[in-house]
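Computed from a predicted structure; not experimentally measured. Count residues from 1 along the sequence.
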Amino acid sequence: MAECKPMMPNLEGEENVIAATQHIVRVLGTSKNLTEEMRKILEDLDNQLSTMVLTAENKEREVSDFEKEFSEIQGKIRKWESDESMIWDSGVDAAAEYLEAIHEAQNLSERLGGLSVKEDGEDNKLLQQVHSVLQTAMARLEEELTHILAQNKQSFEPEHMSFRSHEEEINYEDSFVSVEDDPNEESLRRDSSSRNPEDYIIDLVDPVVISHLNRIVNTMFTSGFDQECCQAYINTRRDALDECLYLLEVEKLSIEEVLRTEWSNLIVRIKKWNRAMKIFLRVYLASEKQLCDQIFGEFESAKQTCFVEISKSPMLQLLTFGEAIAIGPRQPEKLFLILDMYEILSDLLPDVDALFVEEAGSTVRFECREVLKRLGDSVRGTVSEFENAVGSNVSTNPFAGGGIHHLTKYVMNYIKALTGYSGTLNLLFLEATDEDDTISLMPNTLPALDEKEYEGESSNFSASPMAYHLRSVTSVLEANLDVKSKLYRDVALQQFFLMNNIYYMVQKVKGPELRPLFGNDWIKQHNGKFQQYAMNYERATWNSVLSLLKEEGMCTPGSHSVSKKVLKERFKSFNLAFEEAYRSQTAWLIPDIQLREDLRISVSLKVIQAYRTFMGRHEGTLDSRSTEKYIKYNAEDLENFILDLFEGSPRSLLNSRRR
């Protein structure tokens, strides 16, 4: 509590006055006659002395009146020292009387200060007593301010806030092999709400008591106790903000503690941080700023200083967590949550600038931008790390059934999810002014493209930095898939595997998210690729089977008649070859229903047509016993068997007979 100092009396020249008086007395003692001039001087001196005597007498009477006035003021103020109840709890009249007593004490102090006060005089003692009473009153007002703020604090319920966020993002795991298709195609959607900032403001303190608080603040400021008033307010409201962070489930963690935390545990904390940042800034701090404005009114500097002092520490606590995430290890599975953090903080910058103004708020404004920059650096680095991870993913065993590899699903779902952040990623890629960073972000496998070249409907391709990068990632994926296909010993299964995976990529790119980034030319090119792989599969598997149904080598030398022995061997070999193909390829898998049906139809057309033609030519050549023994299946049987292919469930025809 600041100490009020009494005004000290002005003693300048007092010794000179005494010396001059003593000199006059000595001169009069030696002079027998007074000159006219001396007589006039002595008359003037007599008049001055008479006036001074009257002034002293008036002053004594005035001090006496002041003492009576002070006694009344002191009684009104001191009576609450022995009363444990709070003044404002006792009613409006009691509060008004107390404030009026303070105003009277202020007025009395000013009047006493205007007197020529002697250090050891009664008036100086009275002035000191007035200051003492004022200090007591100011201490009591501090208590009243704190009490009213605490008792009238409104409950804050963050669970009722309606902010939407990206907490529905695809939950990519730590490994490529654990990722499946996202069941919800619309899982990444932005908060499309466009509410005005004032829509979020709530009453943190009961509006009924705002006027009481305002009067207390005005009284303390006019009494010169502005610092004490601000500190009491800051201490009380700072506790309220700490409680707010607790309700928002924000833990106070150092950078080192965050870096030591497992990623699976950080996921939950990041989601809470994302939500907390929006609510804390747009609701709580905006409301806190309004409260400061209401209570401190015309004291512009004080209300800004109080707001910053109250909110700076919790804001820096939140930003410390963001910085820790930004400087942590760069791993692909972290990218989406870091992007969410970047976008949320970027969206909140205007709110930060509006709340933390002038020099007082410069630290928070600066730290927000620094954390945002580090998050952007982390995003760029993680995107590059993702492409490296796609290229370096190694398999030691062939993927079972030749189906869609987990890496393919991961990458295509990953880049599809990234399209929800196109604006942010393009901005961050363009901000990468360092030449090395720019090269690492732009694919080196694609030629430079003129954006105008791709404005036509035939291509509809975006030449944005993000489009370049995603096309580069799929090129790396294709190269890796080609390596993985070599793990199969069966050439047909190699082609089957590539067909499945390229077809999956094409279907993903055809969607509305990726098509604008890849263009129709890419789709056309890769449609041709998977069709070529399908043809290669058919040739590798069925050409050898269908060769057994050809006429070459079936006639007896020197004759045009078919050798029954050769015919029997052909049917026998065909049965074995078809049964082997059936056994292996029922275990192969085509997950896509349409592709599975299309390939079955293509195989069926080739096999059934060739078989029917061969049967029509030679079925009558064998006797009934041989026919029963060597012709195990008719065309309808084969057609039904082909319908069993590519289900991923192995079957056998070794003991089957004609149906």
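Between Cys368 atom SG and Leu348 atom CG the span is 8.5 Å, to the nearest 0.5 Å. Separation of atoms CG (Asn426) and OG (Ser464) is listed at 4.0 Å; rounding is to 0.5 Å. To the nearest 0.5 Å, atom CG of residue Asn274 and atom CD1 of residue Ile279 are 11.0 Å apart. The structure places CD of Glu323 at 11.5 Å from NZ of Lys373, a figure rounded to the nearest 0.5 Å. How far CG of Asn634 is from CD of Glu639: 10.0 Å, rounded to the nearest 0.5 Å. Between atom CG of residue Asn575 and atom CG of residue Leu638 there is a gap of 8.5 Å, rounded to the nearest 0.5 Å.
The two residues Pro591 and Arg596 make their nearest non-hydrogen contact at O-NH1, 3.7 Å. A pairwise comparison of heavy atoms in Leu599 and Ala534 identifies CD1-CB, 4.4 Å as the closest pair. What you find for Tyr468 and Ala463 is that their closest heavy atoms are CE1-O, 3.2 Å. Nearest heavy-atom pair across Ser254 and Glu257 is N-OE1, 2.8 Å. Between Thr424 and Leu339 the shortest heavy-atom distance is CG2-CD2, 4.0 Å. Across Leu427 and Tyr342, no two heavy atoms sit closer than the pair CD2-OH, 4.5 Å.
Looking at heavy atoms from C-beta onward, Phe386 lies in side-chain contact with Val473 at the 4.5 angstrom threshold. By the 4.5 Å heavy-atom criterion applied to side chains, Phe321 and Met341 are counted as neighbours. The shortest side-chain heavy-atom distance between Asn413 and Lys508 falls under the 4.5 Å cut-off. Contact of the His526 side chain with the Thr474 side chain is not registered, since no non-hydrogen atoms from C-beta on lie closer than 4.5 Å. Between Glu647 and Leu589, every side-chain heavy-atom pair lies at or beyond the 4.5 Å cut-off. Side-chain contact between Ile404 and Asp592 is absent, with no heavy atoms from C-beta onward closer than 4.5 Å. With contacts defined as side-chain heavy-atom distances shorter than 4.5 Å, the pair Leu549/Thr613 does not qualify. In this structure, the side chains of Met466 and His469 stay at 4.5 Å or more apart for every pair of heavy atoms.
Between the side chains of Tyr421 and Asp340, a donor-acceptor pair is found at a separation under 3.5 Å. No side-chain donor-acceptor contact under 3.5 Å links Glu579 and Ser652.
In this structure, the side chain of Ser573 engages the main chain of Glu569 through a donor-acceptor pair within 3.5 Å. With Ser584 contributing its side chain and Ala581 its backbone, the two residues share a donor-acceptor pair below 3.5 Å. Here the side chain of Gln532 pairs no donor or acceptor atom with the backbone of Lys529 at under 3.5 angstrom. In terms of modelled atom types and a separation under 3.5 Å, the side chain of Tyr414 and the main chain of Pro332 share a donor-acceptor contact. Put simply, the side chain of Ser547 gets close to the backbone of Ser544: a donor and an acceptor are under 3.5 Å apart. Under a 3.5 Å cut-off, the side chain of Asn536 and the backbone N or O of Ala492 do not form any donor-acceptor pair.
Residues that satisfy the side chain to side chain contact (heavy atoms under 4.5 Å, CB included) test with Val545, not counting sequence neighbours, are Trp542, Phe574, Ala577. By the side chain to side chain contact (heavy atoms under 4.5 Å, CB included) test, Asp598 pairs with Gln594, sequence neighbours left out. Considering only residues two or more places apart in sequence or on other chains, Glu597 meets the salt bridge (Lys or Arg N to Asp or Glu O under 4.0 Å) condition with Arg600. Applying the side chain to side chain donor-acceptor pair (under 3.5 Å) rule to Lys606 yields the partners Glu538, Ser602; only residues at least two apart in sequence or on another chain are considered. The side chain to side chain contact (heavy atoms under 4.5 Å, CB included) search around Asn388 returns Glu385, not counting sequence neighbours. Applying the side chain to side chain donor-acceptor pair (under 3.5 Å) criterion to Gln507, with sequence neighbours excluded, gives no partner residue. Applying the side chain to side chain contact (heavy atoms under 4.5 Å, CB included) test to Arg651 and every residue at least two apart in sequence or in another chain returns Tyr582, Thr586, Asp644. The side chain to side chain donor-acceptor pair (under 3.5 Å) search around Lys334 returns Gln331, not counting sequence neighbours. Under the rule for a salt bridge (Lys or Arg N to Asp or Glu O under 4.0 Å), Arg330 has no partner lying at least two apart in sequence or in another chain. Considering only residues two or more places apart in sequence or on other chains, Phe399 meets the ring-ring contact (aromatic ring centres under 6.0 Å, His included) condition with His405, His406. Residues satisfying the salt bridge (Lys or Arg N to Asp or Glu O under 4.0 Å) test with Lys486, not counting sequence neighbours, are Asp482.
Looking at Arg380 and Asp377, a side-chain N of the basic residue comes within less than 4.0 Å of a carboxylate O on the acidic one, giving a salt bridge. For the pair Glu370 and Arg374, the salt-bridge criterion is met [side-chain N within less than 4.0 Å of a carboxylate O]. The residues Glu249 and Arg269 are annotated as not salt-bridged, no charged nitrogen and carboxylate oxygen being separated by less than 4.0 angstrom. At a threshold of 4.0 Å, the pair Glu636-Arg612 counts as salt-bridged, since one of the basic side-chain nitrogens sits closer than that to a carboxylate oxygen.
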Output, in order, the C-alpha distance, side-chain angles, deciding distance and verdict of side-chain contact (heavy atoms from CB on, under 4.5 Å) for Leu487 and Ser395. CA-CA 8 Å; Leu487 296 172; Ser395 298; 3.9 Å; yes
side-chain contact (heavy atoms from CB on, under 4.5 Å), that's the test. Do Leu643 and Asn640 meet it? Break it down for me. CA-CA 5 Å; Leu643 293 178; Asn640 289 327; 4.2 Å; yes
Going through the checks in order, is the side chain to side chain donor-acceptor pair (under 3.5 Å) test met by Lys484 and Asn480? CA-CA 6 Å; Lys484 294 183 188 303; Asn480 195 316; 3.3 Å; yes
Steps toward side-chain contact (heavy atoms from CB on, under 4.5 Å) verdict (Leu517, Val509): CA-CA 9 Å; Leu517 297 170; Val509 171; over 6 Å; no
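Listed by first then second residue, pairs satisfying ring pair (Phe, Tyr, Trp, His ring centres under 6.0 Å) with a partner in residues 476-496 read Tyr488-Phe497, Phe496-Tyr537, Phe496-Trp588, Phe496-Phe646, not counting sequence neighbours.
Just one residue in the list Asn501, Val506, Leu477 forms a side chain to side chain contact (heavy atoms under 4.5 Å, CB included) with Met412, and that residue is Leu477.
The neighbour count for Glu580 CD, taken as heavy atoms of other residues, nucleotides or ligands under 6.0 Å away, is above 12.
Using cut-offs of 30° and 60° for the angle between ring planes, the Phe518 and Trp522 rings count as perpendicular.
Tyr633 and Tyr611 have their aromatic ring centers separated by at least 6.0 angstrom.
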